[in-house]
4 protein chains.
Amino acid sequence: MTIKREIQASVKDEQLVEKRRNQMIRGAVSLFKEKGFHRTTTREIARAAGFSIGTLYEYIRTKEDVLFLVCDSIYEQVRNRLSSMDLERGTLESLRLGIDHYFRIIDEMQDEVLVMYQEAKVLSNEALPYVLKKELEMVGMFEKLIRRCVENGELDISNEHQQLLAHNIFVQGQMWGFRRWALQKTCSIDDYICLQTDLLFSGIQGFKKQMEVGG
Amino acid sequence: MTIKREIQASVKDEQLVEKRRNQMIRGAVSLFKEKGFHRTTTREIARAAGFSIGTLYEYIRTKEDVLFLVCDSIYEQVRNRLSSMDLERGTLESLRLGIDHYFRIIDEMQDEVLVMYQEAKVLSNEALPYVLKKELEMVGMFEKLIRRCVENGELDISNEHQQLLAHNIFVQGQMWGFRRWALQKTCSIDDYICLQTDLLFSGIQGFKKQMEVGG
Amino acid sequence: MTIKREIQASVKDEQLVEKRRNQMIRGAVSLFKEKGFHRTTTREIARAAGFSIGTLYEYIRTKEDVLFLVCDSIYEQVRNRLSSMDLERGTLESLRLGIDHYFRIIDEMQDEVLVMYQEAKVLSNEALPYVLKKELEMVGMFEKLIRRCVENGELDISNEHQQLLAHNIFVQGQMWGFRRWALQKTCSIDDYICLQTDLLFSGIQGFKKQMEVGG
Amino acid sequence: MTIKREIQASVKDEQLVEKRRNQMIRGAVSLFKEKGFHRTTTREIARAAGFSIGTLYEYIRTKEDVLFLVCDSIYEQVRNRLSSMDLERGTLESLRLGIDHYFRIIDEMQDEVLVMYQEAKVLSNEALPYVLKKELEMVGMFEKLIRRCVENGELDISNEHQQLLAHNIFVQGQMWGFRRWALQKTCSIDDYICLQTDLLFSGIQGFKKQMEVGG
DNA sequence: AATGAATGAGTGTTCATTCAT
DNA sequence: GATGAATGAACACTCATTCAT
């Protein structure tokens with residue numbers, strides 16, 4: 001169950017709040033993508049959402065609320081889509097599939113992830129921990145995936161290695177988005193998944209060894 | 001050879017320009033660290049640099065110039081410190097040492113790297129490519145380090161793997177800074193270097209294999 | 001006969017209008033008391049009155065109407081309570097009693113009087129004269145009280161003195177409210193009535209004279 | 001010596017600050033007079049002062065600062081002009097002259113006094129006490145004037161009567177301004193001074209008595 | 001070369017009022 | 001007759017930039 005950090009709205013009809021906020025988020029993401037949070041005005045957000053500035057403020061209290069809503073929504077989407085992963089099987093294949101799945105989600109949500117990635121830090125001291133918490137939850141999913149492999153005897157790495165590995169996977173996903181200017185020039189998402197999986201599973205010495213074995 | 005992107009100054013005396021800009025950068029970094037680029041005012045930068053707002057504008061043309069100067073200076077520092085790496089030896093040990101060296105630099109320059117990392121994106125379309133270019137140069141250093149290993153027969157991985165590996169190393173360095181809220185709670189820089197090196201060199205199956213061998 | 005300044009309502013049922021407006025006034029007085037007219041929003045008034053903002057506007061046309069209603073209501077209350085005074089007897093004792101009565105009313109309605117006193121001026125050029133007229137009516141009551149004394153031979157002061165005296169009494173009543181920060185620290189309403197009556201009746205030389213007589 | 005409540009300015013040249021603030025006060029008084037503090041915008045104040053909105057905010061920090069400056073300046077003016085009063089002589093004549101002097105000052109500064117009188121209450125909890133303190137200082141001047149008369153044997157009234165009398169005089173001065181709509185229709189300032197002095201000195205029974213004596 | 005007072009476009013936010021349901 | 005979502009003009013305040021001294 002998710003801890004809800006409520007953003008206050010003046011409007012009472014909860015369905016309407018949901019609907020209007022979704023309009024708002026959609027508009028805001030594309031604006032933040034284009035010019036960043038700080039260079040986007042609330043008026044622009046309202047216009048992009050399809051309503052007036054007055055109406056915008058019926059559904060939030062401060063501009064930062066919009067950013068929070070955006071971040072929250074993106075995490076929620078990623079997590080929802082990630083939830084179809086099988087965390088329990090505990091085979092290397094399921095880990096490989098999990099990574100594949102996650103990287104493809106990021107690929108499809110590149111813009112959103114980039115926005116969140118670049119702007120989340122401007123969230124206030126009140127809101128930021130909540131967002132970071134969500135991030136840790138997602139990292140936790142990879143940790144679980146890995147731990148089950150260890151428990152299954154498919155993998156033998158220390159607890160610390162497991163944790164860092166989970167972080168690496170998580171960051172390598174985001175990296176596909178935030179370093180697209182470098183990576184996506186020479187590389188498709190399929191390539192990327194393939195290459196990263198190689199490195200992840202075999203390490204650089206793995207190649208050497210295989211070579212030696214093969215040679 | 002480095003492409004110089006000149007920031008125009010009204011003042012002619014180049015030594016003075018250099019000196020004033022260094023004051024400016026020092027002040028700006030600590031301000032950006034504290035409150036980010038957008039929440040820092042030019043007046044604050046001037047004050048932190050030790051001169052008046054009018055003088056500030058004798059050495060730059062826009063606020064963004066300050067950010068550029070800051071990013072440029074940070075990259076330059078990282079690169080300078082990195083330049084003591086031996087890129088040519090082409091042994092796994094030299095690669096390991098290179099990573100160790102780089103990660104420790106990042107650790108010491110955490111604040112600066114974080115600033116640059118978080119704010120660089122607001123640079124205009126004119127300045128950003130220049131900064132990204134510098135980043136690629138640094139990635140290139142790791143690529144070279146790796147390529148020499150391959151040429152030396154110490155490693156046998158494809159060109160694509162080499163490139164991605166270089167990116168991974170570069171990002172894992174930055175990651176130590178920008179994910180400090182998660183990583184640095186349980187882990188020293190020594191631990192981090194050790195763990196990342198393990199994963200990098202052996203991959204996760206490496207561990208398994210060793211186990212099998214050992215078992 | 002009272003001149004009625006009609007505030008337009010959309011609702012036809014006059015009893016309902018009366019009822020709703022009373023709710024509104026009660027809510028508004030306590031809000032104006034707390035934060036003044038300008039810092040009180042129509043939404044707050046509606047909420048304090050127990051109905052919606054839409055309903056509020058069924059019974060008034062502008063926010064200023066609320067202020068008018070409030071002022072009107074307060075004057076009406078003061079006047080009603082004042083109406084038990086005996087204006088006709090024409091003795092110094094009845095004047096003394098009238099003052100006593102009036103000062104005690106003000107004391108009990110301090111908050112309301114303060115509100116009206118401080119906010120009435122923001123009424124538009126259309127509504128203000130109406131309110132001032134009511135005030136003059138009340139001053140007129142004291143004038144009558146005094147005049148009857150003169151007619152009775154109990155007092156011998158000129159017409160101008162009578163008028164100014166009436167104003168003084170009226171203002172000294174309000175003064176108990178609007179200077180409470182100074183007066184009510186060291187003085188009860190009983191004290192205040194007593195002291196003011198002394199000054200009013202004897203003047204400052206009166207004391208001297210009595211002393212001389214007594215000495 | 002006056003306790004200074006400093007309003008922060010960005011501009012350092014103190015003479016310039018003084019000059020600009022005087023421009024500001026002059027403009028603000030006439031605007032507040034016309035439409036009250038709340039209906040006056042900061043842009044209007046800036047324009048009336050003869051500079052831009054940006055410049056206005058170089059000399060104050062909030063709109064309320066303007067009101068404080070206005071109130072402070074008015075009190076200071078009244079007090080300065082009042083300072084020529086001889087507080088020490090302790091004769092009834094000097095008291096009479098003091099009142100005459102004070103009432104004439106109020107008459108000349110009617111607009112200013114009215115503004116301060118009507119708007120001072122919106123000052124924040126921080127600034128209001130400071131203004132009230134100044135008011136009490138002025139009341140204190142009348143108290144002193146009266147006390148010296150008592151000490152001189154010219155008057156024999158209790159401490160409490162002295163205090164209230166001082167308040168009455170102070171309020172009757174202001175009253176000439178804030179009730180001008182009623183008083184100034186039938187009465188010049190000379191008349192007003194004369195009538196109020198009569199009532200003050202003789203009380204209403206004084207008239208009667210004189211009559212009896214005279215009769 | 002250095003200063004800092006002046007500028008005003010631009011920002012986030014509020015709130016009286018309307019009107020479709 | 002009652003509701004409350006929608007509106008947008010209006011507001012206080014900020015800050016990058018300029019330029020006369």
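For clarity, every value in this text was computed on a predicted model and none was experimentally measured. Below, chain A is the first sequence line, B the second, and so on; all start at residue 1.
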With a cut-off of under 6.0 Å to the ring centre and 45° to the axis, is C/K63 in cation-pi contact with C/Y57? no
So which protein N/O to nucleotides 17-21 of chain F N/O distances come out below 3.5 Å?
from, atom 1, to, atom 2, distance (Å)
F/dT17, OP2, B/Y57, OH, 2.8
F/dT17, OP2, B/K63, N, 2.8

Are the side chains of B/I45 and B/T41 in touch, meaning some heavy atoms are under 4.5 Å apart? no
Between P of F/dA16 and CG of B/L67, the distance in whole Å: 13 Å
Here the gap from D/L69 atom CG to D/N22 atom CG, rounded to the nearest 0.5 Å, amounts to 8.5 Å
Proximity to DNA chain E (any heavy atom under 4.0 Å), residues of residues 11-24 of chain B only: B/V11, B/K12, B/L16, B/R20
Which residue, A/S52 or C/S52, contacts DNA chain F at a nucleotide closer to its 5' end, judged by nearest heavy atom? C/S52
Would you find a donor on one side and an acceptor on the other, under 3.5 Å apart, between the side chain of B/R21 and the backbone of B/Y59? yes
My validator wants the stems of DNA chain F: runs of 3 or more consecutive Watson-Crick or G-U pairs, both distances under 3.5 Å, written as range with range. E:2-21 with F:2-21
For D/F51 and for B/G50, locate the closest nucleotide of DNA chain E by heavy-atom distance; then report the residue assigned to the nucleotide nearer the 5' terminus. B/G50
Can you tell if the side chain of A/Q77 reaches within under 4.5 Å of the side chain of A/S73, non-hydrogen atoms only? yes
In whole angstroms, the gap separating P of E/dA2 from CD1 of B/I60 amounts to 14 Å
Enumerate the residues from residues 30-41 of chain B whose closest heavy atom to DNA chain F is under 4.0 Å, giving them by residue number; use none for an empty result. B/T40, B/T41
Once the angle between the rings of C/F68 and C/Y130 is folded into 0 to 90°, is it parallel (under 30°), tilted (30 to 60°) or perpendicular (over 60°)? tilted
Just to verify, what does B/E44 make a salt bridge (Lys or Arg N to Asp or Glu O under 4.0 Å) with, not counting sequence neighbours? B/K35
For A/E44 and E/dG10, what is the distance between atoms CD and P respectively, to the nearest whole Å? 11 Å
Distance from D/I25 atom CD1 to D/D72 atom CG, nearest 0.5 Å? 7.5 Å
Comparing D/L56 and B/L56 on DNA chain E - which has the more 5′ nearest nucleotide: B/L56
A/E58 vs C/R43, test: salt bridge (charged side-chain N to carboxylate O under 4.0 Å, His left out). Steps then yes/no. CA-CA 13 Å; A/E58 292 286 308; C/R43 271 162 140 114; 3.2 Å; yes
So, does A/D65 use its side chain to make a donor-acceptor pair with the main chain of A/R61 at under 3.5 Å? yes
Applying side chain to side chain donor-acceptor pair (under 3.5 Å), can you list everything that pairs with B/Q23, at least two apart in sequence or on another chain? B/R20
Examine distances only and state if a side-chain atom of C/T40 and a backbone atom of C/G36 form a donor-acceptor pair shorter than 3.5 Å. yes
Treating D/E119 as the side-chain partner and D/F37 as the backbone partner, does any N or O pair qualify as donor plus acceptor under 3.5 Å? yes
Under 4.0 Å between a side-chain N/O of A/T55 and OP1 or OP2 of F/dT7, yes or no? yes
